[in-house]
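Just so you know, ligand 1 is whichever comes first in the structure, and atom 1 is the first atom listed for that ligand.
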Amino acid sequence: MENKRKMMMFCLLLAAISSPVFTGEWKASVAKNLDALIKSCVVIPCSYTHAKDELPHSRLRGIWHLPAGLDQRIYHDDQTTILENYRGRTKLLGNLGQGNCTLEMIEIRDVDNGPFCFRIELVETGTETSKIDKFSFVDSCVSFKMITEPPKPTLIPPKKAIQGHPYTITCSVIHTCPSHIPQLTWSRGTAEEITEVHREIYQGTWEAQSTLTFITEEKDDHKDITCTAEFFGGRKSTEKLTLYVKRTENYNHIIIPAVVGIGTAVIFAGLCIFMLKKYKNRIAELQSQEGTVWNRLSRMSRRIKWQG
Ligand SMILES: *[C@@H]1O[C@H](CO)[C@@H](O)[C@H](O)[C@H]1NC(C)=O
């Protein structure tokens with residue numbers, strides 16, 4: 001009798017272990033820790049896998065709750081069943097049918113540090129007495145590290161700025177709200193000069209990056225470039241950098257006066273040659289004229305002498 005009972009208990013245990021709920025076919029993966037910027041938003045990445053042999057008439061229900069109790073809900077598709085503090089602030093971004101339980105929380109307050117836990121319920125529908133197969137991932141909770149000041153963007157400039165050469169500067173900021181990406185703006189530059197990249201660095205933490213490329217000019221020297229990050233909710237942070245433009249070597253200060261000098265000399269020389277030529281003819285003319293006049297005069301004087 002005692003043995004029989006022990007055997008039954010063992011069988012029950014075995015059955016329980018081999019049921020999909022306990023074999024580990026239900027698994028959730030939730031980010032453990034995330035930074036949360038007060039007044040902004042956070043997206044909690046969450047995914048789960050469920051039993052392959054899904055019940056025909058069933059519906060999935062995702063719930064997020066505080067560890068204190070299953071009734072301490074921060075998300076439920078029925079808004080009236082969640083804690084007042086969280087009403088209207090949480091939204092399931094993921095598609096539960098695809099194993100995605102990603103949650104968005106907006107208007108973050110300093111008391112929202114968590115932990116927040118995900119729970120999935122398989123609700124059988126179509127029968128009078130709804131049978132609920134529940135599974136709660138109480139070990140899959142996320143905690144927030146509250147950030148009071150918006151993080152400053154990081155500026156990565158090239159080593160040198162050379163006049164007339166392309167200059168590429170990168171501005172990036174870390175955040176945890178990919179559903180509302182922080183906006184990066186520059187103090188200068190047109191749309192064609194700016195490119196943006198958004199990527200996940202590690203689970204739930206993202207980097208928004210903006211790259212500005214322009215050709216440096218002499219007037220850019222000692223000018224400031226600023227990059228501003230505006231987070232969802234309106235919080236802003238700015239980083240500044242001063243440009244030092246290396247001038248390209250030029251000899252204009254030598255070449256220009258030299259060209260002007262040589263030019264002037266050539267013009268003068270030309271004028272002189274022209275004048276000399278002109279005068280040569282005139283002198284020759286004068287000399288020949290002088291000759292005839294002299295001859296005439298001497299002839300006249302001889303004639304006078306002879307007559308006298
Ligand atoms: C889950 O859903 C979110 C929001 O739609 C999406 O950004 C994310 O890529 C999804 N995750 C997976 C693993 O598909």
Side-chain angles (χ1 to χ4, degrees), residues 20-21 23-54 58-66 73-79 81-83 86-109 112-123 134-145 147 150-151 172-184 195-210 229-235:
V21 170
T23 48
E25 274 192 74
W26 290 81
K27 266 186 200 152
S29 161
V30 179
K32 288 269 165 294
N33 292 290
L34 286 173
D35 284 355
L37 175 62
I38 293 173
K39 293 196 176 84
S40 191
C41 57
V42 177
V43 171
I44 308 163
C46 169
S47 61
Y48 74 93
T49 53
H50 53 90
K52 282 177 213 89
D53 45 333
E54 221 179 285
S58 59
R59 196 167 67 83
L60 288 160
R61 181 186 287 155
I63 293 165
W64 284 84
H65 63 95
L66 299 178
R73 291 168 182 166
I74 65 149
Y75 173 80
H76 190 279
D77 53 10
D78 180 2
Q79 286 271 324
T81 69
I82 72 171
L83 294 172
Y86 295 91
R87 244 171 250 171
R89 294 205 291 130
T90 52
K91 190 163 108 189
L92 201 66
L93 295 182
N95 184 335
L96 281 181
Q98 292 169 1
N100 191 332
C101 42
T102 299
L103 186 82
E104 177 195 68
M105 192 185 288
I106 59 165
E107 293 162 28
I108 299 291
R109 300 166 189 176
D112 289 340
N113 51 330
F116 306 111
C117 309
F118 176 64
R119 169 185 169 88
I120 184 102
E121 288 181 357
L122 195 59
V123 189
K134 299 167 184 175
F135 194 79
S136 181
F137 297 105
V138 281
D139 56 339
S140 297
C141 305
V142 63
S143 294
F144 292 164
K145 185 180 147 217
I147 307 287
S172 59
V173 77
I174 302 294
H175 69 100
T176 52
C177 190
S179 57
H180 301 277
I181 307 169
Q183 298 300 303
L184 294 172
T195 54
E196 281 172 357
V197 177
H198 189 234
R199 65 194 174 99
E200 194 168 13
I201 305 173
Y202 45 86
Q203 202 188 18
T205 301
W206 295 72
E207 183 189 52
Q209 194 181 75
S210 179
E230 184 174 351
F231 295 83
F232 179 72
R235 307 204 63 189

Which heavy atom of C141 sits nearest a heavy atom of V30, and at what distance?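 Reported closest heavy-atom pair: C-CG1, 4.5 Å.
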In terms of side-chain heavy atoms, does H180 have a donor or acceptor partner in E104 at a distance below 3.5 Å?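 Judged by distance alone, the side chains do pair up.
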Can you find a protein heavy atom under 4.0 Å from atom 14 (O) of ligand 1? yes
Does some non-hydrogen atom of the protein lie less than 4.0 angstrom from atom 11 (N) of ligand 1?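 Looking at atom 11 (N) of ligand 1, one finds that a protein heavy atom does lie closer than 4.0 Å.
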Output the list of atoms in ligand 1 that are nearer than 4.0 Å to some heavy atom of G94, sorted by atom number.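 Answer for ligand 1: 2 (O).
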Residue of the set Y86, F118, Y75 for which ring-ring contact (aromatic ring centres under 6.0 Å, His included) holds with W64: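 Going through Y86, F118, Y75 one by one, the ring-ring contact (aromatic ring centres under 6.0 Å, His included) with W64 is satisfied by F118 alone.
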Residue part near ligand 1, for L93, under 4.0 Å between non-hydrogen atoms: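 Both of them.
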Out of L92, V43, N95, N100, who is nearest to atom 6 (C) of ligand 1 when you count heavy atoms only?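 The option holding the nearest heavy atom is N100.
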Please evaluate residues E107 and R89 with respect to the criterion salt bridge (charged side-chain N to carboxylate O under 4.0 Å, His left out), reporting the C-alpha separation (whole Å), side-chain torsions for both, the decisive distance (0.1 Å), and the verdict. CA-CA 7 Å; E107 293 162 28; R89 294 205 291 130; 5.3 Å; no
Sequence neighbours excluded, which residues qualify as side-chain hydrogen bond (donor to acceptor under 3.5 Å, both in side chains) partners of R73?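 T81.
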